[in-house]
Amino acid sequence: MSRYPLAALRAACPCAECRSGGTRVERSIPEDPLLLPVLPARSHELEHIEQVGNYALQMIWKDGHRFGIYPWEYLWTLCPCEEHRAGLAS
Ligand SMILES: [Zn+2]
Ligand SMILES: [Zn+2]
């Protein structure tokens, strides 16, 4: 299983609240971790992951945020490994 940086996952949360800027985070993660957007405490710690059907994962974060449904295809675009990103190209 691929490893995803949790802060990056949270920053990429696809839910309407995050995308509308309710929780203001940038989608692209800078190389320098010091430049990461400042998130509320524990917002990048995962409490739990739920499988949603067979097409997505729901991330439940320790700050209570739980609206992010991450389809597999979306997760792959975030994956650091070449294999998954290459698989998307087809
Ligand atoms: Zn969200
Ligand atoms: Zn991967």
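Just the heavy atoms: all of them, side chains too, but no hydrogens, waters or symmetry mates, feed the values below. Atoms within a ligand are numbered from 1 in the order they appear, just like the ligands themselves.
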Any link between W61 and I49 through a network of hydrophobic side chains (Ile, Leu, Val, Met, Phe, Trp, Tyr) touching at under 4.5 Å?
yes
Quick one: how many protein N/O/S atoms are under 2.8 Å away from the Zn ion (ligand 1)?
4
Given ND1 of H84 on one side and SG of C79 on the other, what angle do they make at the Zn ion (ligand 2), to 10°?
120°
Donor-acceptor check, side chain of R19 to backbone of C13, threshold 3.5 angstrom: yes or no?
yes
What about Y4 and Y70, same hydrophobic cluster or not, with Ile/Leu/Val/Met/Phe/Trp/Tyr joined at side-chain heavy-atom distances under 4.5 Å?
yes
Same cluster for L6 and Y74 if Ile/Leu/Val/Met/Phe/Trp/Tyr side chains link at under 4.5 Å?
yes
Heavy atoms from other residues, nucleotides or ligands near CD of E82 exceed 12 (cutoff 6.0 Å):
no
Pair L46, M59 - check side chain to side chain contact (heavy atoms under 4.5 Å, CB included), show working.
CA-CA 7 Å; L46 269 175; M59 307 283 173; 3.8 Å; yes
